[in-house]
Amino acid sequence: MEYKFREIEEKWQKYWIENATYKVEADAKRPKFYVLDMFPYPSGAGLHVGHPLGYIASDIYSRYKRLKGFNVLHPMGYDSYGLPAEQYAIQTGQHPAVTTEKNINRYREQLDKIGFSYDWNREVRTCDPKYYKWTQWAFIQMFNHYYDTEKCKAMPIADLVARFEKEDPEWNKMNAKEREKRLMQYRIAYLADTKVNWCEQLGTVLANDEVSEGLSVRGGFPVEQRVMRQWCLRVSAYAERLLKGLDSLDWSEALKETQKNWIGRSEGAEMRFGVKGSDTELEIFTTRADTVFGVTFMVLAPESDYVAQVTTKEQRHDVDEYLAMVKKRTERERIADRRVTGVFTGAYAVNPLTGKEIPIYVSDYVLSGYGTGAIMAVPAHDSRDYAFAKHFGLEIVPLIEGADVSEESYDAKEGKVINSGFLNGMEVKEAIAEMKKYIKEKGIGQVKVNYRLRDAIFSRQRYWGEPFPIYYIDGVAYVMDEEKLPLLLPEIADFKPKAGQPPLANAENWTTEEGYPIELNTMPGFAGSSAYYLRYMDPHNDKALVSREANDYWRNVDLYIGGTEHATGHLIYSRFWNKFLYDLGVVCEEEPFKKLVNQGMIQGRSNFVYRIKGTNRYVSAGLKEKYDTQEIHVDVNIVSNDVLDIEKFKAWTPEYKDAEFELEDGKYICGWAVEKMSKSMFNVVNPDDIVERYGADTLRFYEMFLGPLEQSKPWDTNGIDGVHRFLKKLWNLYTDDNGFALTDDEPTAEQMKTLHKTIKKVEWDIENFSFNTTVAAFMICVNELGASKCHTKKILKPLAVILAPYAPHMAEELYHACGGEGTVCDAEFPQWEEKYLVESTKKYPISFNGKVKFQIEMPAEATREAIEAAALADERTVKILEGKQPKKIIVVPGKIVNVVI
RNA sequence: GCCCAGAUGGCGGAAUAGGUAGACGCGCUGGUCUCAAACACCAGUGGAUUCACUUCCAUGCCGGUUCGAUCCCGGCUCUGGGUACCA
């Protein structure tokens, strides 16, 4: 009977819907397991074959856990607010809601064909008012809380107000505006004038993780620094907890490392340097307190407030000129051009240890956003200070014995300290500690921990995002009443920003009932994606983000699968958001994602044809060296095993209609290269096409077979026939011309061994995310069963169950043919048994110098002594490793026989 | 520059505790079926050597530990990813 995958897959997909097979409910009697995919942004291009990779892996894991008796939550939704839909709206006038809806429907259609076990009843969309109500709600909570640095948790802002009233006489004299200004310094969601990444082309600010090398991640447009009044989230308050929390997580070391670097904790000291002839003191941060004796100048960031305070009249003109120059440069220019620039302020600071007067400079190599925006420069032991000192001819004092600083600085934190008064003779580490103690005693500074992690800028000058539940009276921000949520995104006629105002300025009556203006910015993409995993637990609740009961049961995500590109964005914001809700007592777990697996990217595999320049003649890849050719991308869908389908090529576009070819062995061989999968490279492979040609089960298997889940790899449709052939083989083994051909025979010992070997392997592979090797195991299994002409249900039924995570449609069909009840999804994963795996006789190969010389056959129950004796009979000495069962004997000439497992 | 990951046949990749390197698949070669092709099935397939048995060489390079190293250690080369004046 032919393997009609289309009929089979359609039949079971229908069955699953009709029987609500994948509907999940909390069930206190069963252990829960939460498997989550990073939900997609529904783009207009639809899914390509790379997108489902992680979804298939998580689906296999979910189905496996369900077979193992867990109550598995496995939901899917859409991250449906975002820039591309809005850019598209500006170009075409189509409302983002319309295009987003259309894209979502397309995604759903594609996903449905692959046979995922999602509970669609729990779907969430970030642009749905019922969903974003809770995004706005969380923002209100952040506005109404501050971070208590003593309790190390978020506390109600009312507590802080009460404390000010009691303890601070100043507070009671303040008016509303002044009080609000002060509270803004504490609120977790706060307004501030901050230096932001402004992208002119996108007309909005971007978060640090949305910018790469001075260009926007989305679109690749230049980004400049600008000071703007923005909503921010005090993520930095959670820096220490975000760092510490990593220890408890089952994430890859690489990802944890990335987050650690992003948080960037560094221990050091904050010190004050007096300025000559002024009351101003410059506060600086350093991790090298030991080097104070070598400080020969100071540098201020151009944006630092100190600049105006210390600059002398004589130098004002030069400084202003420099500041103007710095301001004009874009971030990208600054990165590209690393030349040393700077200007002298005319002022001198006093080195508190040497008493020497040292000049104060301004330079853009000092960042305003880190530490205090001012540094003490130690040219001998910091390469940046060194370059600056060389450029301006400043003094360089070596502080470490044997360090040659005539050509470059010595940055390493090791060696014996010299030229440093009371620190002389100490090791660097010792000297740092000693100096910190000294600074504290003398009252010129204190020990301080700094973090690289910045607060998240939370305003976007866009339309297609969550509106802020904020209105203004006399320029003071107030949050709306929670009862009024959701604050619906208004309809507007024109999506373009106007006269520097965000698009919401185009909305009519964008005011409260009382007529107060509402915030014009909207929230960024990460707002909606920061707590979506909580909403899946209780998606229809309109009284709470998630009910206490639902959260107590589902707790947090046990397995999270997604791309590594979210390492410093989503995965930081989500953890922050969750910790905040944890402080409020809304959720019971402090970390949202217990285990995280990063699936690799699927790259495209492009094909080329070679056109002889100036002609319409194409030569096969092997012959291209003979001519002056031009490489042209050709649609991978008209190429098979790198052989071009010439007829399809001619029909592809009119320009190739009359093409001529020079062939190799009667074939046109294409060249190939690994590139990003994109339309312009003609290398996009669509999952629908694969499903149409081979079926979903083949696609699922093949995506796993491609290679290790975490590794990036190119998509190459070439190998898919082998996987499809395997499914056909399995099918043919248990069917004949009349349909299923099954018996109730008792399986042979060999067949039981094959089955149990495979069960053990499948279990091990899934537990260890080694999905690619499982495919091989199934292939071997089917080959072995085929060799013994196995037709018994007693083998096929358990085989169908272990196959179900990978090829659910085929598994259902086989399971039911064996008389299985209900759905294979509710079957029990069979337990493998050691007794079937033991062979009646074992061969112990004996190696001579690592090569098999001869073998002795031993019974399975052979004892160590027997093997020893057998080996000894060969007149060699025997030594058996402790506590191991023998498997192999390796003989080394004249010496030892090792018996190893 | 710094941090991380990786390097195995013509290709994707196996080797799950240091123990017969190259599972499984693709491709290729030969065969069966066919008028023929496609499909399917069977066999072979790291390199060198030999008619053959065999032997030697092989997991990026150099060295070390070990009876034994793709695996552990030290040094290098290259590739991919992250990050970048973070004081």
Side-chain angles (χ1 to χ4, degrees), chain A residues 212-213 252-262 264-266 268 284-288 291 299 301 334-335 338 340 363-367 369-378 381-385 387-388 411 450-454 564-565 567-568 598 600-601 603 605 641-642 672 674 701-702 705-708 710-723 725-726 728-729 732 760-761 764-765 767-768 770 772-780 783 843 845-847 849-853 855 879 881 884 887-901:
Chain A
S212 174
E213 296 185 0
S252 73
E253 282 309 311
L255 184 58
K256 285 191 194 178
E257 201 60 35
T258 305
Q259 289 220 337
K260 275 182 199 163
N261 290 341
W262 191 259
R265 183 183 200 275
S266 69
I284 59 95
F285 174 77
T286 180
T287 54
R288 293 294 300 273
T291 59
V299 188
R334 206 178 66 84
I335 289 166
R338 282 279 175 86
V340 176
S363 174
D364 67 354
Y365 84 88
V366 175
L367 306 178
Y370 184 78
T372 60
I375 60 152
M376 61 176 214
V378 187
H381 302 290
D382 181 290
S383 51
R384 296 154 300 177
D385 297 343
F388 194 86
D411 291 16
N450 247 319
Y451 299 91
R452 205 186 77 113
L453 183 71
R454 313 287 168 81
T564 177
E565 67 273 18
T568 54
N598 287 125
M601 283 251 282
Q603 297 138 310
R605 186 181 187 278
N641 283 330
D642 292 334
W672 62 274
V674 173
F701 257 119
Y702 189 59
F705 189 56
L706 229 39
E710 306 201 29
Q711 191 176 301
S712 287
K713 57 238 162 188
W715 176 269
D716 182 355
T717 309
N718 284 346
I720 200 168
D721 289 308
V723 170
R725 204 170 292 144
F726 146 71
K728 274 200 287 197
K729 246 187 213 172
N732 291 336
K760 185 180 178 183
K761 171 74 176 156
W764 193 94
D765 278 353
E767 296 278 3
N768 292 281
S770 177
N772 55 329
T773 54
T774 323
V775 186
F778 275 122
M779 288 176 177
I780 294 167
N783 278 339
K843 284 183 178 177
I846 295 195
S847 302
N849 252 356
K851 296 291 160 190
V852 174
K853 188 78 176 172
Q855 299 181 327
K879 180 184 160 196
L881 300 180
K884 305 217 165 168
K887 180 178 163 195
K888 197 159 21 197
I889 301 176
I890 298 164
V891 179
V892 177
K895 268 186 164 176
I896 305 172
V897 175
N898 275 343
V899 179
V900 186
I901 203 162

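Each chain gets a letter, A, B and so on, in the order its sequence line appears, and its residues count up from 1. Only a predicted model underlies this, so the values are computations on that prediction, with no experimental measurement involved.
- Comparing B:rC41, B:rA87, B:rG13 by their closest approach to the side chain of A:Pro708 singles out B:rG13.
- Side chain of A:Ser712 to backbone of A:Met601: a donor-acceptor contact under 3.5 angstrom is found.
- Protein atom CG of A:Asp364 is 15 Å distant from nucleotide atom C1' of B:rA87, rounded to whole Å.
- When ring centroids are compared, A:Trp262 and A:Tyr451 stay outside the 6.0 Å threshold.
- Using N1 to N3 plus N6-O4 or O6-N4 for Watson-Crick, or N1-O2 and O6-N3 for G-U wobble, each under 3.5 Å, B:rC85 pairs with nothing.
- Classification of A:Asp642 and A:Arg605 as a salt-bridged pair holds, one side-chain N sitting under 4.0 Å from a carboxylate O.
- When the P atom is used for both B:rA58 and B:rG47, the distance is 16 Å, rounded to whole Å.
- When the P atom is used for both B:rA7 and B:rC61, the distance is 13 Å, rounded to whole Å.
- In terms of phosphate contacts, A:Arg725 brings no side-chain nitrogen or oxygen within less than 4.0 Å of OP1 or OP2 of B:rG25.
- Comparing the C1' positions of B:rG9 and B:rG18 gives an interatomic distance of 24 Å, to the nearest angstrom.
- Not one side-chain nitrogen or oxygen of A:Gln711 sits closer than 4.0 Å to the OP1 or OP2 atom of B:rG12.
- Side-chain nitrogen and oxygen atoms of A:Asn772 include at least one within less than 4.0 Å of the OP1 or OP2 phosphate oxygen of B:rA14.
- At B:rG80, none of the side-chain N or O atoms of A:Ser712 fall inside 4.0 Å of OP1 or OP2 (strictly under the cut-off).
- Nucleotide B:rC24 holds its P atom 18 Å from the CG atom of A:Asp721, rounded to whole Å.
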